[in-house]
Amino acid sequence: MFRALSGPIFNKTGRVMLNRFLILTVGLLIAPLAFPVGTFAQNYGHSRSADGWPQPTWDQPPVTARNKKPAPRRDLTGMWGPAAGHMGGLQAGGVLAKPNNGKPENQLPYTPYGLELYRSHKAAEGVDAVLPADNNDPRNNCEPLGVPRYNHYNVRLTQIFQDATKVAMLYHYDNRWRVIWTDGRKLPKVVDGGVEIDGELREPRIFGYSVGRWLDDQTLEVQTVGTLPEDRVWLDSTGRPISDQVRVTETFRRVDYDTLEWSETIHDPKVYTAPWQTMKLPMRLHDPGTDIMEYYCSPAEQDAYDKIFGSVASQKK
Amino acid sequence: MRRRLAIVLFVGVLMSAPLFAHHGSAAFDNGKTVVLKGTVAQWVYSNPHCLLTVDVKGEDGKVVQWVAETQAPSIMYPAGYRKSSFKIGDEVTVSVEPVKNGLPIGRIREVVLPNGTTLGGIASAPVSPKGQ
């Protein structure tokens with residue numbers, strides 16, 4: 001290009017090159033005026049890694065009017081983490097919207113059976129916590145947590161992938177994943193012992209049967225049924241119960257490019273007299289290349305921990 | 001603190017730590033902090049909790065072995081804990097919240113490494129990873 005421009009500018013080839021150069025220059029000058037600052041920049045932090053293994057960066061810059069970018073249409077794809085930071089999705093004291101702290105506003109509408117179930121659960125967390133040795137949380141045996149408890153247990157970096165038929169979620173804890181079908185299939189009917197599909201009884205599943213539909217271009221509503229029964233799973237780490245009759249409704253609302261709001265309401269007439277909201281968790285977009293350390297339940301490591309620490313901590317004076 | 005390897009008990013005004021997974025807070029003497037000076041005997045970087053074992057010599061010359069826990073590696077990494085953070089024989093100062101039954105175990109509130117670096121406890125705010 002330089003050679004062309006340095007030659008006579010009125011010959012045919014030189015004029016074409018000059019025109020292209022001018023268009024490019026003017027375009028580059030106009031582009032920043034046409035789009036807000038930050039449109040092209042990423043709002044998530046980066047950790048430097050000489051070998052290309054960036055670690056999570058939790059001190060994300062705030063989303064402001066200046067750097068905010070619009071949410072893409074019907075797209076939840078990304079690496080998401082609680083906006084409040086790496087402890088923002090812990091929920092050890094109970095689900096986010098109703099922590100189990102004994103306050104009147106956080107009392108749950110138990111059915112008699114639900115209350116009986118709650119009292120049979122000896123949790124290590126919450127207002128009725130017991131010593132580690134008395135704790136009967138199914139998690140202690142590395143049992144799968146099930147839906148919806150995976151949404152309430154140490155939520156950190158969560159990856160979402162999607163295609164034309166489904167959304168897949170990869171949870172951090174125990175490297176678990178689930179599929180939400182978005183191809184229009186029906187939500188199965190809940191029956192005793194599982195769900196009914198095509199007139200057949202189908203088995204309960206750890207992640208149940210999930211279908212999603214777009215309420216608008218930014219909001220996916222997900223319904224899940226057919227989960228594990230109440231003798232296999234808990235709702236949260238404080239021993240609140242959940243049954244296989246539950247219908248879990250989640251909404252994933254892409255507020256803007258960098259923010260995803262994850263809400264959940266449960267309807268479980270076997271255990272609760274009314275539906276109630278369990279969480280509303282804002283998530284922030286992270287560097288998609290972030291390396292995620294494993295956080296798993298290993299029976300051998302759990303056993304070693306219990307011998308060294310848990311059983312000692314539970315001894316009476 | 002006169003004795004280099006003494007156990008100093010503080011009944012602090014620290015707020016009890018919020019509830020953390022895995023085993024809960026019922027076993028801990030919330031609000032109390034014990035400061036230990038001793039040498040590292042073992043550092044286990046595993047799930048569900050990392051465990052730091054420290055030999056602490058008392059006034060009578062007897063060594064008491066304390067076990068102090070953190071949360072899991074992936075949770076503690078942002079606070080600066082690494083698999084290589086402790087070596088056997090390192091002299092460290094560890095502040096722990098002890099258990100109620102008086103046995104020498106607790107959960108880490110803070111650790112001062114031989115080079116003076118301080119690592120926070122379970123509730124600590126994340127620090128930037130290396131190189132950031």
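Chain letters run A, B, ... following the sequence lines, proteins first, then strands; residues in each count from 1.
Using a 4.5 Å heavy-atom threshold, the side chains of A/V312 and B/V99 count as separate. For the pair B/H49/A/F309, no side-chain contact is recorded, criterion being any heavy-atom separation below 4.5 Å from C-beta on.
For the atom pair CD of A/E301 and CG of B/L51, the computed distance is 10.5 Å after rounding to the nearest 0.5 Å. Atoms CD1 and CD1, from B/I105 and A/I308 in turn, are 10.5 Å apart once rounded to the nearest 0.5 Å. Note that CE of B/M76 and CE of A/M293 are 11.0 Å apart. Values are rounded to the nearest 0.5 Å. Here the straight-line distance linking atom CD1 of A/I292 with atom OH of B/Y77 works out to 13.5 Å at 0.5 Å rounding.
In this structure, chain B has a heavy atom under 4.5 Å from the backbone of A/E294, while its side chain stays farther away.
No donor-acceptor pair closer than 3.5 Å links the side chain of B/N47 to the backbone N or O of A/C297.
Ranking B/A72, B/P73, B/S74 against chain A, the residue ahead of the rest is B/S74, based on heavy-atom pairs under 4.5 Å.
With a 6.0 Å radius and a threshold of 12 heavy atoms from other residues, nucleotides or ligands, A/Y171 has its OH atom above the threshold.
The shortest non-hydrogen separation linking B/A27 to A/A313 is CB-O, 3.8 Å.
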